[in-house]
There are 2 protein chains.
Amino acid sequence: MHEQLTKFITDRVQLSEADLQQVLSCFHLLEAKKNELVGRAGEPSRRMFFINKGCLRVYFIKPDGREATRRFAFENSFSTSLTSFIGGTLLKEDTQAIERSELLYINREDFYDLLNTIPGWDIFYRGFLEYAYVSNTKRLEDFITLNPRERYQLLLRENPQMVLRLPNKLVANYLNITQEALSRIKSDI
Amino acid sequence: MHEQLTKFITDRVQLSEADLQQVLSCFHLLEAKKNELVGRAGEPSRRMFFINKGCLRVYFIKPDGREATRRFAFENSFSTSLTSFIGGTLLKEDTQAIERSELLYINREDFYDLLNTIPGWDIFYRGFLEYAYVSNTKRLEDFITLNPRERYQLLLRENPQMVLRLPNKLVANYLNITQEALSRIKSDI
DNA sequence: GTATTTTATTGATCCTGATCAAGAAATCAA
DNA sequence: TTGATTTCTTGATCAGGATCAATAAAATAC
């Protein structure tokens, strides 16, 4: 059950066998049905998910009541509502399983305990934060420099599985354009 | 010369006096003239700046040749071209002193040495990364949820000193709108 | 202090992507 | 399977902000 997670961690940081086991023991299995919410805005519960199988979508509700997708996460990656995880505040975003998913989650308090008890876990977290920052910065840059068509073409080039695997509606939402606009972009080549 | 920096650090993390002195000894003074570039895209040099006095602007050049402002930083804050600092890659952004500025900088290699030698410096860096992530996420959210007028109003509410202190041209660039649009927004109330 | 350059304002026009609407296709429930 | 719901496509219209242009104001240089 923990093979993929073990590989993910050991690819990034060196841990003793005992420490690795302690880390793994903090993760719990969660099977989520398609469209199930595994985190809801307003809840205090803050978990970090590792995706064994399936796909998560993190989104928030805009002032006008519509959804805005922050990101998707697929197999063999971590996902959390990081702003709340960092601050220990109530969740500001929903986390939804887009497909039937198999998740391993760790609670925020256990995660922070590991930072103090497992040498090397702080390096893991630092790497996670750095990656999250760089990803976010790139996404912001894409919004600032590219128009909707260019954003779609970039996504298709760099993340074709997103376009292939997800319904248009969600791809459009991720690109912050309407379904209609995406449909026209796709047909226009 | 190091009072402001000392306060900034000790407000955030506990260090022994000796460790604090070692940290401070890594910082060097740089006086920058108005409009001077203290970091240039393409350079290998990667410094992190603490601003004693003045203002820095980090910007990159878009594919169409125009500038896009990533952020401004004022007195008593740190600023760096963080994506390059993290990756150890060539700078992708220019860093410009908007006003005559008094800066303290630390080189990337010294910064990373401190991570291994000063207990507590890793906590400082973690806090820096977390803050950078949260700020960036908020900025991205603002672009996704707000139109130009609303972005300006938000900036005026949350960061009035930016609007008062910086020329319209730069405020407009930061908001990713044209000077003309900002001028009309301002006159329209 | 004057000349030059840069920045700010205002007007006219244009264009991209949103909105509204309707029908087709696909998905889901049972 | 069949019916219901959701998603996708295509068309017509609209609006916000970009662009281009010209003048005014301010900042800077000498």
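Numbers restart at 1 for each chain; the letters A, B, ... are given by sequence-line order, proteins then strands. Values below: all heavy atoms of this structure, side chains included; hydrogens, waters and symmetry mates excluded.
Listed candidates were dT7(C), dC8(D), dA18(D). Nearest to the side chain of K169(A) is dC8(D). The side chain of P148(A) lies closest to dG17(C) when the candidates are dT10(D), dG17(C), dA8(C).
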Might you list the N or O atoms of the protein lying below 3.5 Å from N or O atoms in nucleotides 21-30 of chain D, with each pair's distance?
| residue | atom | partner | partner atom | Å |
| --- | --- | --- | --- | --- |
| dT28(D) | OP1 | K34(B) | NZ | 2.6 |

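Side-chain N/O atoms of R151(A) and base N/O atoms of dT16(C) include no donor-acceptor pair closer than 3.5 Å.
In this structure, a donor-acceptor pair under 3.5 Å is absent between the side chains of Y152(A) and Y174(A). Inspection of the Y133(B) and E130(A) side chains reveals no N or O donor paired with an N or O acceptor under 3.5 Å.
Remark: Q179(A) is not in phosphate contact with dT7(D), judged by side-chain N or O atoms under 4.0 Å from OP1 or OP2. OP1 or OP2 of dA18(C) lies within a sub-4.0 Å distance of a side-chain N or O belonging to T178(A). Applying the 4.0 Å criterion to OP1 and OP2 of dT19(C), one finds that R66(A) has a side-chain N or O inside that range. At least one side-chain nitrogen or oxygen of N168(A) sits closer than 4.0 Å to the OP1 or OP2 atom of dT9(D).
Between the side chain of R46(B) and the main chain of R108(B), no donor-acceptor pair closer than 3.5 Å is present.
Of the candidates F124(A), F49(A), Y105(A), F124(A) is the only one forming a ring-ring contact (aromatic ring centres under 6.0 Å, His included) with F78(A).
Within the structure, every pair that satisfies the salt bridge (charged side-chain N to carboxylate O under 4.0 Å, His left out) test and touches residues 87-98 of chain A, not counting sequence neighbours, is listed here: R70(A)-E93(A).
To the nearest angstrom, P of dG11(C) lies 11 Å from CG of D188(B).
Residue contacts for L182(B): at a heavy-atom cut-off of 4.0 Å it reaches no nucleic acid atom on any strand shown.
Between F111(B) and W121(B), the two ring planes are perpendicular [angle over 60°; tilted spans 30° to 60°].
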